[in-house]
Peer 1: 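Please see the structure below; I have some questions.
Note on naming: letters A, B, ... go to the chains in the order of the sequence lines (proteins, then strands), and numbering restarts at 1 for each one.
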Amino acid sequence: MASKLTSPFERVYQQLLDCHGPQRWWPGDSPFEVMVGAILTQNTNWSNVEKAIANLQEQECLDASQILACKDASLAEMLRPSGYFNIKAKRLKAFCRWYLDAGGFKELSGRDTDELRHALLHVHGIGPETADDILLYAFQRPVFVIDAYTHRIFSRFGLIEEGLGYEHLRSIFEEALSPDVARYNEYHALIVKHGKDQCRPKPRCAECCLKPDCQQGNLAGTGIR
DNA sequence: ACCCAGGGTCATA
DNA sequence: TATGACCATGGG
């Protein structure tokens, strides 16, 4: 049974896990592929990103120096299925330039998390969420990723106020949850899963997060509604 | 035919 | 500093 000392954020995690099961993120075979995916999935369905990554693999371009060697137009063509392909071609190149200049994965792995985060945020096309995706899922750092689903789900639960900024929200989660890479990994993946399945932007009345066939609907005993 | 997606940048007031 | 426009494909 849940202790009063247990944070609501811990309890929601357990309920999401019971409801949806482990998500096993990030789908990707290497840290570099994870980083590429993090950029390509900006405001884009993951299934579209997979097609773009498959194109890169076919062209043997899933590599920083190969990507930089591509013409903008041909890179964009490979990225076409992921949408915003012209913009993403530029962002991907900007990232690869930084990545190689910094000495690659092994060199970057030696950096302090805050320093790494700061550096990522200075790369054109990498904002807070993409930076944190990369830190958590590629560099295995205990950084909690915030996205639109996180805002939506937790404000509907009444656990946070609406309209909080990214850093503010991230600090709430990181203070409520002990730094645990595996837990942060699974939690964000579960939030995305729950958001896609049951917490739509325009929910039908009270349907959101309250489907009877989902354990998440049983918020009794959590102290949440 | 709509709605939405694992955001970020840039121009404007 | 705070909105709004813009980027674009593909699945439900």
Peer 1: Which atom pairs, one a donor and one an acceptor, fall under 3.5 Å between side chains of residues 120-127 of chain A and the rest of the protein, sequence neighbours left out?
Peer 2:
{"from": "H122(A)", "atom 1": "NE2", "to": "H118(A)", "atom 2": "NE2", "distance (Å)": "3.2"}

Peer 1: Rounded to whole Å, how long is the line connecting atom NE2 of H122(A) with atom P of dG8(B)?
Peer 2: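 Interatomic distance, NE2 of H122(A) to P of dG8(B): 15 Å.
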
Peer 1: Scan H124(A) against the nucleic acid and name what it touches under 4.0 Å (heavy atoms): base, sugar-phosphate only, or nothing.
Peer 2: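 Sugar-phosphate, no base atom in range.
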
Peer 1: dA5(B), OP1 or OP2 - any side-chain N/O from R152(A) closer than 4.0 Å?
Peer 2: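 Indeed, a polar side-chain atom of R152(A) lies that close.
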
Peer 1: Can you name the nearest heavy-atom pair linking P81(A) to M78(A), along with the distance?
Peer 2: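 Of all heavy-atom pairs spanning P81(A) and M78(A), the closest is CD-O, 3.5 Å.
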
Peer 1: Flag as yes if Y149(A) stacks onto the base of dA5(B) (centroids under 5.5 Å, planes under 30°), otherwise no.
Peer 2: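 No, Y149(A) does not stack on the base of dA5(B).
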
Peer 1: Could you tell me how far dA8(C) sits from dC10(B) if I compare only their P atoms? Round to whole Å.
Peer 2: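 Per the computed distance, 14 Å lies between those P atoms.
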
Peer 1: What does the B/S/- profile of nucleotides 1-12 of chain C look like, 5' to 3', with a 4.0 Å heavy-atom cutoff to protein?
Peer 2: ------BBBSS-

Peer 1: Should the ring pair F95(A) and W98(A) be called parallel, tilted or perpendicular, given that the plane angle runs from 0 to 90° and is split at 30 and 60?
Peer 2: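 Tilted, since the angle between the ring planes falls between 30° and 60°.
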
Peer 1: Distance check needed: dG7(B) C1' versus L92(A) CG, whole Å only.
Peer 2: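 Interatomic distance, CG of L92(A) to C1' of dG7(B): 15 Å.
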
Peer 1: Is the distance from OP1 or OP2 of dA5(B) to the nearest side-chain N or O of T41(A) less than 4.0 Å?
Peer 2: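 So the side chain of T41(A) is outside the cut-off, no N or O lying under 4.0 Å from OP1 or OP2 of dA5(B).
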
Peer 1: Would you mind pulling out the nucleotide paired to dA1(B), Watson-Crick or G-U wobble, both distances under 3.5 Å?
Peer 2: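 Pairing partner, where one exists within any strand: none, as none qualifies.
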
Peer 1: Could you label the plane-to-plane angle of the H194(A) and F157(A) rings as parallel, tilted or perpendicular, counting under 30° as parallel and over 60° as perpendicular?
Peer 2: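 Tilted.
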
Peer 1: Report the distance from atom CZ of F95(A) to atom P of dG8(B), rounded to the nearest whole Å.
Peer 2: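 It works out to 14 Å between those atoms.
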
Peer 1: Measure NZ/K196(A) against C1'/dG6(B) and give the value in whole Å, please.
Peer 2: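 Going from K196(A) (NZ) to dG6(B) (C1'), I get 7 Å.
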
Peer 1: Whole Å only: how far is the CH2 atom of W46(A) from the C1' atom of dG7(B)?
Peer 2: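 Going from CH2 in W46(A) over to C1' in dG7(B) covers 15 Å.
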
Peer 1: Rounded off to whole Å, could you give me the CG-to-C1' distance for the D132(A) and dG8(B) pair?
Peer 2: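 Going from CG in D132(A) over to C1' in dG8(B) covers 14 Å.
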
Peer 1: Across the strands shown, which category fits I126(A) at heavy-atom distances under 4.0 angstrom: base, sugar-phosphate, nothing?
Peer 2: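 I126(A): backbone/sugar contact only, no base atoms under 4.0 Å.
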
Peer 1: I need the NE2-P distance between H151(A) and dG6(B), as an integer number of Å.
Peer 2: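 Rounding to the nearest Å, NE2 of H151(A) and P of dG6(B) are 16 Å apart.
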
Peer 1: Between D101(A) and R97(A), is there a side-chain N and carboxylate O pair less than 4.0 Å apart?
Peer 2: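 No, this pair does not count.
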
Peer 1: Mind calculating the distance between NZ (K193(A)) and P (dG6(B)) to the nearest angstrom?
Peer 2: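 Rounding to the nearest Å, NZ of K193(A) and P of dG6(B) are 11 Å apart.
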
Peer 1: Is it true that F105(A) and F32(A) have ring centroids separated by less than 6.0 Å?
Peer 2: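 No: the rings miss the under 6.0 Å criterion.
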
Peer 1: Anything under 30° is parallel, anything over 60° is perpendicular, the rest tilted; go ahead and classify F9(A) against F154(A).
Peer 2: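 Taking F154(A) first and then F9(A), their aromatic rings lie parallel (interplane angle under 30°).
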
Peer 1: Give me the distance, rounded to whole Å, that separates dC3(B) from dA5(C) when you measure between the P atoms they each carry.
Peer 2: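 It works out to 16 Å between them.
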
